[in-house]
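Since the structure comes first, as structure tokens, the remarks are kept for the end.
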Number of protein chains: 2
Amino acid sequence: MTIQKQPTPTARRGRRPGGVNTRAAVLEAARARFAREGFAATTIRLVATDAGVDASQVMQYFRSKDELFAAVMAIIPASLERFNTAFEGPDEHLGERVVRAYLSAWEGAAEESEPLMAMLRGAIVNDTASGQLRDFIQSRLLIGTRDRHDPDAVLRAGLASSMLVGIVTGRRIIGVPTLVAADAEELVAVVGPAIQQILVPTAAAADPSTAPA
Amino acid sequence: MTIQKQPTPTARRGRRPGGVNTRAAVLEAARARFAREGFAATTIRLVATDAGVDASQVMQYFRSKDELFAAVMAIIPASLERFNTAFEGPDEHLGERVVRAYLSAWEGAAEESEPLMAMLRGAIVNDTASGQLRDFIQSRLLIGTRDRHDPDAVLRAGLASSMLVGIVTGRRIIGVPTLVAADAEELVAVVGPAIQQILVPTAAAADPSTAPA
DNA sequence: CTCACAACTCAACAGGCGTTGAGAAAGTTG
DNA sequence: CAACTTTCTCAACGCCTGTTGAGTTGTGAG
């Protein structure tokens, strides 16, 4: 190639504004749709209409529906940082703190709860969501736990996590009347002790067969 | 209309055999597909191929995809009868019996577990499945419970149920490694006491604010 | 003003879906 | 055998989907 025609390399020219706002609007609309309708029922055209743009614009900013969904899921890790504090501190009332952390994360502001709802709804049909939820259940509760090398502790953490996910699913997705009607603090009062039991088993209730190695 | 031509009303004539078998084959193929792939990913053509028939045959026996799915879901109530025995008997080890009942139902023979898996996978996108799971969580655990008029007991039953559904989901749908690797009896040992705590709260751990009316 | 480039619109594609209706094949009855 | 009813096959329909590419508009730089 002949190096001849080269415009001033210092600055770009052409249209610029608006683009950033559009991308954010699309992402927000997608977040809400994925959270409320799930992955399959959310169409690119619908998201585009919600955001007030053309469908092909969605494809231009996010290259495919899967990548759009992945962009929504990418919000989750940031919001999970706030989980960690719940697990620090004494064992006493650990269950209570953990339950409260779950409920507040899933029922708080849209920016935090919607990606989590999208993950839950998408976990069955989308691999990204499934993997994210898998990692979430597997390893979230381990942060702050002393015995992260004890296989029994890992199992207990995973069990507590999946149980709490079950409660959130029943309350926010399936819509079990009793769970929907209950006050969050009521749930903390009932579930807290049970989660405590799982995470910090009392000698009386623990089974004798799984003594630490 | 002129009442003139009327064939012998005693017996029907024409082709008969095969039909019953075909219907059963389609239902079985659908059960497996819905359980393994979920509602959306299961197509009528796929089910037809599995059953070795034409797609339009599926439509002839079950009038639509929704009715085919409903037919699979209709199997569940029968298998739930076996749940009831778990809740009869003394409060002692009630949690253990309940956990075992859940695990064995979801991990037993295909005829029993597949409809349950289909319900779980379909609960997010299909209204029939969602309603079935809602009723399931809401009322299943109440059978055999003494205080079925105590609102607190209803809440506790719903919570225990949704927690167990959460565990099954993590183990069978999300595929959380720790939960998948664990032996069923291991889960019973860890989760049993926690469910016991929920269903039959000990005075020590129960919150003082919800005293019976 | 003019040009170049980014943001945006429009129309269309190919593919899969649930569903339908007409017609061929197969078996039962008289 | 012949009449008749049911089961099954085949091809197509309309619809909606994710995705693409060409063309239009607006805006900043020269």
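Values below: every heavy atom of this structure, side chains too, minus hydrogens, waters and symmetry copies. Throughout, a chain's letter reflects where its sequence line sits, starting with A, and its residues are numbered from 1.
Defining each end axis of the helix from dC1(C)-dG30(D) to dG30(C)-dC1(D) as the rotation carrying four pairs' C1' atoms onto the next four, with five pairs an end, the two axes are found to diverge by 10° to 10 degrees.
Looking at residues 39-46 of chain B, you'll see Thr42(B), Thr43(B), Ile44(B), Arg45(B) sit with a heavy atom under 4.0 Å from some atom of DNA chain C. Within residues 121-132 of chain B, no residue has any heavy atom under 4.0 Å from DNA chain C. Non-hydrogen atoms lying under 4.0 Å from DNA chain D are contributed by Asp54(B), Ser56(B), Gln57(B), all within residues 49-57 of chain B.
To the nearest 0.5 Å, atom CD1 of residue Ile137(B) and atom CD1 of residue Ile174(A) are 6.0 Å apart. Summarising the geometry, atom CG belonging to Leu80(A) is positioned 8.0 Å from atom CD belonging to Glu112(A); distances are rounded to the nearest 0.5 Å. Separation of atoms CG (Asp66(A)) and OG1 (Thr128(A)) is listed at 6.0 Å; rounding is to 0.5 Å.
As rounded to whole Å, 13 Å separates atom P of dT27(D) from atom CG of Asn21(A). The CE atom of Met59(B) sits 19 Å away from the P atom of dA12(D) (whole-angstrom rounding). A straight line from CD of Gln60(A) to P of dT19(D) spans 14 Å, rounded to a whole angstrom. The separation between Arg33(B) atom CZ and dC17(C) atom P is 11 Å, rounded to whole Å. One atom, OH of Tyr61(B), and another, P of dT9(D), lie 10 Å apart when rounded to the nearest Å.
Val125(B) meets the side chain to side chain contact (heavy atoms under 4.5 Å, CB included) test with Phe39(B); sequence neighbours excluded. A search for salt bridge (charged side-chain N to carboxylate O under 4.0 Å, His left out) contacts involving Arg36(B) returns Glu114(B), not counting sequence neighbours. Listed by chain and number, the residues in a side chain to side chain contact (heavy atoms under 4.5 Å, CB included) with Asp127(B) amount to none (sequence neighbours excluded). Every residue two or more places apart in sequence or in another chain that forms a side chain to side chain contact (heavy atoms under 4.5 Å, CB included) with Glu185(B) is listed here: Arg100(B), Asp183(B), Val188(B). Partners of Glu107(B) by side-chain hydrogen bond (donor to acceptor under 3.5 Å, both in side chains), not counting sequence neighbours, listed by chain and number: Arg171(B). Every side chain to side chain contact (heavy atoms under 4.5 Å, CB included) that Ile124(A) has, sequence neighbours left out, goes to Arg121(B), Ile124(B), Ile173(B). Partners of Asp50(A) by salt bridge (charged side-chain N to carboxylate O under 4.0 Å, His left out), not counting sequence neighbours, listed by chain and number: Arg33(A).
Enclosure of atom CD in Glu28(B) is not indicated, since only 12 or fewer non-hydrogen atoms of other residues, nucleotides or ligands lie within 6.0 angstrom. In Glu67(A), the CD atom is crowded: over 12 heavy atoms of neighbouring residues, nucleotides or ligands sit closer than 6.0 Å.
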Check: residues 52-59 of chain A side-chain donor-acceptor pairs under 3.5 Å, at least two apart:
from	atom 1	to	atom 2	distance (Å)
Asp54(A)	OD2	Ser56(A)	N	2.9
Asp54(A)	OD2	Ser56(A)	OG	2.7

